[in-house]
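Chain A is the first sequence line, chain B the second, and so forth, proteins listed ahead of strands; every chain is numbered from 1. From a predicted model like this one, the values you see are computed outputs, not experimental measurements.
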Amino acid sequence: MALVRVRKLSRLFDVSKPWLNRVIERRSKAFLTAVSEVDFDVEARSTYALVGESGSGKSTIGKMLVGLLKPTSGVVEIEGVDLASETDAAKIDAIRSDIQMIFQDPYASLNPRWRVRDIIVEPVASRGGNTDGLAEKLLEQVGLSKQDAGKFPHEFSGGQRQRICIARALASEPNLIVCDEPTSALDVSVQAQVLNLMSDLKDDFGLTYVLISHDLTVVRHMADKIGVLYLGRLVEEAAPDALFDTPKHPYTQMLLEAAPQMDGFGREVQPPEGEIPDPINPPPGCAFHPRCPIAQDICRKERPEMRKLGETRVACHMAE
Amino acid sequence: MTHPVLSIRDLSVEIPTRHGVVRPVDGVSYDIAAGEILGVVGESGAGKSMAGNAVIGLLTPPAHISTGEIWLNGQRIDQLTGDAMRRLRGKEIGMVFQDPLTSLNPLLRIGDQLTETMLTHLPISRSEAEKRAVAALDEVGIPGAAERVNSYPHEFSGGMRQRVVIALALCAEPSLIIADEPTTALDVSVQAQIIALLRRLCRDRGTAVMLITHDMGVIAEATDRVAVMYAGRLAELGPVRDVLTHPQHPYTHGLMASTPLASQGKSRLHQIPGAMPRLDAVPEGCAFHPRCPYATDKCRQPPVPRVTDGQAACWYPLVDEKVI
Amino acid sequence: MSDFPIPSAPKSRYRRAVESDLFYTFKRSPVAMVSAAVVLILVLAAVFAPLIAPTNPFDPSSLNLMNGFTPPMAPNAFTGDTFLLGTDDQGRDVFSTILYGMRISLFVGVAAVFLAMVLGITLGLISGYVGGWTETIIMRTADVQLTFPSILVAMLIFGIAKGVTPVEYRDQMAIWVLILAIGLSDWVQFARVVRGATLVEKNKEYVQAARLIGRTPGAIMLRHILPNVLSPVLVIATISLALAIIAEATLSFLGVGAPPTQPSLGTLIRIGQGFLFSGEWWILLFPAVTLLALALSVNLLGDWLRDALNPRLR
C-alpha cells in the first residue's frame with residue numbers, strides 16, 4: 001500500500017478585496033486556484049519529487065501533505081488516515097509524529113532565541129517523550145558535533161543550519177519527510193553535502209521523502225518518481241530517466257529544453273514563448289494550451305485527464 | 001586588438017569592522033572586451049557582487065577600494081568622485097540587478113523612465129527619445145511596445161519587468177553592462193528568455209557584459225569567459241569551455257563535480273568538505289587549503305597564489321582533470 | 001562525517017553578553033553611558049532612600065517647624081541646622097523629600113509600564129496571531145483610545161476609579177489607582193508593535209515547524225513568538241517609562257495623583273511652585289531638576305536602545 005495517497009486534491013485561496021471594497025466596486029469574490037484536482041501516490045521508502053515553476057502549487061501541496069493547510073476539496077491520506085477529516089485525536093497525534101518537514105530557508109526555520117538542543121528535541125519534548133542525549137545523538141548523525149547542542153542558530157552557517165533542521169525532523173522518528181526546496185538557499189558545494197546526507201539518512205532510517213523543488217538537476221539526482229506541475233495541475237508523472245529522456249507533455253519538454261545545462265556551451269535554444277498565466281483566471285481546457293506548440297481545438301475546450309502511456313502518466317490530449 | 005572595455009587591475013575592497021579590517025575583494029584582475037560576456041561565478045560571500053559594485057562606484061561605506069585600478073575604455077574610473085561617477089553610470093555602464101522592482105521607479109510610466117534616462121545622457125530631442133523608448137522595448141521583446149510604454153512597472157510580470165530593466169540599462173547605449181544575478185529570481189523558462197536576450201544584445205551591439213551568478217549552468221550557456229572567485233580572490237580565469245571541462249583549480253573542480261549531473265546517475269555527489277571561510281577568518285596562504293585534498297605546507301603559508309596568464313591561482317594546478 | 005570538525009564549546013551567558021553587539025555599541029556611545037550612569041545613581045538613591053536620606057520627611061516626630069524655609073547650604077536662623085538643599089514650609093529636608101518622592105515616582109512609573117506591557121503584549125500577540133474579528137476588535141479599540149491624549153484617558157480612568165473607591169481607602173489606594181490609570185492609557189503602543197512583529201514572525205518557517213508537530217497556539221505564542229518580539233518591546237518600555245514618570249508627575253501636579261501624604265516628584269513640584277514668587281526657589285527647583293534628569297536620561301537610554309537594536313530606524 002502506498003504511504004501517501006492523494007486524490008482530487010484542490011486548494012483555492014480567497015484573494016478578494018475587503019468586503020466594503022467589493023460592495024462599492026460591485027465585484028464578486030475572487031479565488032486563486034493554487035492546486036487543482038491532483039492525484040498521486042507515494043510508495044513507502046521512495047522519493048517522490050514535485051517540480052514546477054513558481055505558482056505551480058508545489059509548496060501548497062507540501063503544506064497540505066503535512067497538515068499545515070486544509071484542502072478545499074479532495075483527500076490526503078497518510079498511512080490510510082486523512083488528517084483533515086479524522087476525528088480520533090490519538091490517531092491524528094500518531095500520524096503527526098510520523099510526518100516532518102524540512103523548509104527552504106535555514107535562516108528562518110530555526111527559532112533564533114532557542115538553543116539548538118531545545119530546537120531539535122521539541123517534537124519529542126512537546127509530547128512528553130524522553131529526550132536524554134537525543135539532541136547530541138542526532139547532531140552526530142547529521143555530521144555536527146555534540147557540543148553544538150548548547151549553541152544558538154546564529155553561530156552556524158547555512159549548510160550547518162540545514163543539518164540542524166534535518167536533525168529536528170528526525171527527532172520524532174518519522175516515516176515521511178516533506179522537503180520544501182531543502183537546498184535552494186544553499187551554495188552548490190554545500191548542496192552536495194546536504195543531498196548526500198539526505199540520501200544516507202533515507203537508507204539508514206527507511207525514510208520516505210516528498211521532495212519539492214524547482215531545480216531539475218536536484219530532482220533527477222534524488223527522485224524515484226517525478227511529478228511535473230503546471231498552474232496547480234499535475235501534467236506528467238514518470239521515473240526520472242523516462243521523464244528526462246522521453247518527456248511526453250509539451251510543458252515538460254519545454255521546461256527541460258529551457259533549463260541551463262552544464263555542458264551547453266554557447267547553446268542556442270529557442271527560448272520558450274510566453275509566461276505562466278494568471279492563476280485567478282486560468283485558461284479553459286488544458287492550462288498550457290496558450291503556450292503549447294501542438295495545441296488543437298480540443299485542448300482549448302476540454303481539460304485533459306491523466307492517462308497512462310507506458311509507465312508514464314500524462315495529462316495531454318496530444319501526447320503519444 | 002583594441003583596449004578592453006573594462007580592465008580591473010589588482011582590485012581590493014576593504015571594510016573596517018570591529019573585529020578588524022576584512023577584505024571581501026582581494027587582488028582581483030580581469031578584462032572584458034567589447035562584445036564579450038564575462039561570467040563571474042562563486043558561492044555566497046565570494047565577493048563577486050562586491051567587485052561589480054566597486055566598478056560602478058556603489059560600495060556602501062565604510063566599504064572602499066583600498067588598492068588597484070579600474071579602467072573603462074582607457075579612462076581610469078576608480079578615483080572619480082560622486083558627480084562624475086553618476087554621469088558615467090547610466091551613460092557608460094548599464095546595470096541589471098536581481099530584483100527588477102528595485103531598479104524601476106514604481107511611480108513613473110516606464111516610457112518616461114526610458115525617455116528621461118536617454119535625455120540625460122544622449123544629445124537627442126524629446127520626440128526622438130520617445131521614439132527610441134518604443135524601439136528599445138521592442139528590442140528586448142516586449143509585445144505591443146507602442147502601448148506598453150504607458151504602463152507602470154507593477155503592470156508587468158517578473159520576466160517582463162527584467163526586460164524593461166535591460167531596456168533601461170541599454171537605452172543610453174553603454175559600453176558595459178553589469179548584470180548581478182539577473183535571472184536568479186526568475187523561473188527556468190523566463191531565465192532562458194533573458195539569457196538569450198542578453199546574448200543577442202551583446203552580439204548585435206558589441207556591448208561588454210559582466211554576468212555575476214552562482215549558477216554554473218547559466219555560466220556555461222551564456223558566457224565566453226569565466227572568472228571563478230573564492231573568498232574574495234580569483235581562483236581561476238579563462239575561456240568558459242576550458243575552465244568548466246578542464247578545471248585547474250581544485251575548487252573549480254569541486255564546484256563542478258558537486259553539481260548533480262545526468263551522467264552521474266544516483267551515485268553519491270562529490271562533496272567539498274566544510275564551507276567558505278568567513279571574511280574575518282580567511283586562512284593564511286591559499287584560502288582554499290583547509291578544504292583542499294591536495295594541500296601541502298606550501299599552501300598553508302604566504303604568499304597567496306594568484307591567477308597568472310592561463311594558470312589558476314594554485315601551486316599544484318590539476319592537469320587533465322575532465323569533469324563533463 | 002564530511003565537515004571537518006571544528007568543535008567549540010558553547011559560550012557562557014556572560015561571554016555572550018560581553019561579546020554582543022549591544023554591549024559594543026554601548027561602550028562606544030558616551031550619551032548612553034552617561035544616561036545609564038545617571039539612571040543607575042538615581043534608582044539606587046531611590047531604592048536606598050531610607051539609608052541615604054538624613055531625615056524621614058514623613059515622620060512627624062522628626063520635623064521641626066522652626067526649620068521651615070531654610071535656604072540650601074545655609075544655617076537656619078533659629079535652630080542653626082544646615083540642609084544640603086534647604087527645607088520646605090514644614091521644615092522638611094528637600095533632599096530627603098526628593099529621595100522619597102523619587103521612590104514613589106519610579107515605583108508608579110515602573111509598575112504602570114509593567115501593566116501596560118503585560119496588557120499590550122498579550123493583546124498584541126493574540127490579535128497578530130489569531131487575526132480575524134478578534135484582531136479587529138482589539139486594534140479598533142486601540143485606535144479609538146489613541147485619538148484621545150493619553151493624559152486625558154488617564155484622568156478619566158483615575159476619576160472613575162476614585163469614584164468607586166470608598167472614601168476611607170482613597171489615600172491608600174491613590175498610588176494603585178494612579179498605576180492603573182497610567183498603565184491603561186499606555187498599552188496601545190505595546191499592542192501595536194507586538195502585533196506588527198507577530199505578523200512577521202508567525203509566517204516564518206520555525207513557527208510553521210512548531211505548528212506542524214501539533215503545538216497549541218498558546219504554546220507557539222508564548223514559547224516561540226514572544227521571545228522574538230521582545231527587543232522592540234524593550235525599546236518602547238524604556239521610552240514609556242520616561243513618559244509614565246512624566247505622566248505621573250503631571251497628574252500629581254494637577255492634584256489628581258499622589259496624595260500629599262505620599263508625595264511624588266510631581267506633588268513636590270506642585271507644592272514648590274506656590275513658593276516660587278515668594279523667593280523660596282529651592283523648594284521647586286530641586287525636585288524639578290531631579291525629574292528632568294530622570295526622565296531625560298531614561299529617554300536618551302531608550303533612544304540609544306532603539307538605534308542599537310534596530311539600525312534601520314536611524
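- The nearest pair of heavy atoms linking A:Asp215 to A:Gln191 is OD2-OE1, 4.4 Å.
- Residue contact with chain A, scored on non-hydrogen atoms closer than 4.5 Å, is absent for B:Met276.
- Interface remark: of the candidates B:Met216, B:His214, B:Arg199, B:Arg199 forms the most heavy-atom pairs closer than 4.5 Å to chain A.
- Contacts between B:Gln191 and chain A at a heavy-atom distance below 4.5 Å involve the side chain alone, from C-beta outward.
- B:Gln162 places a side-chain heavy atom less than 4.5 Å from the side chain of B:Val165.
- Looking at every heavy atom in both residues, B:Leu38 comes nearest to B:Leu237 through CD1-CD1, 4.2 Å.
- Neither the backbone nor the side chain of A:Ser199 comes within contact range of chain B, judged by heavy atoms closer than 4.5 Å.
- Contacts between B:Arg278 and chain A at a heavy-atom distance below 4.5 Å are absent for every atom of the residue.
- Formation of a donor-acceptor pair under 3.5 Å by the B:Glu221 side chain with backbone atoms of A:Gln261 is found in this model.
- Annotation for B:Glu43 and A:Val190: closest pair OE2-N, 4.3 Å, computed over non-hydrogen atoms.
- Across A:Ser189, A:Gly55, A:Ala258, the residue that shares the most heavy-atom pairs under 4.5 angstrom with chain B is A:Ser189.
- Side-chain contact between A:Asp148 and A:Phe156 is present, with at least one heavy-atom pair separated by less than 4.5 Å.
- With a threshold of 4.5 angstrom between heavy atoms, A:Ala223 approaches chain B through N, CA, C or O but not through any side-chain atom.
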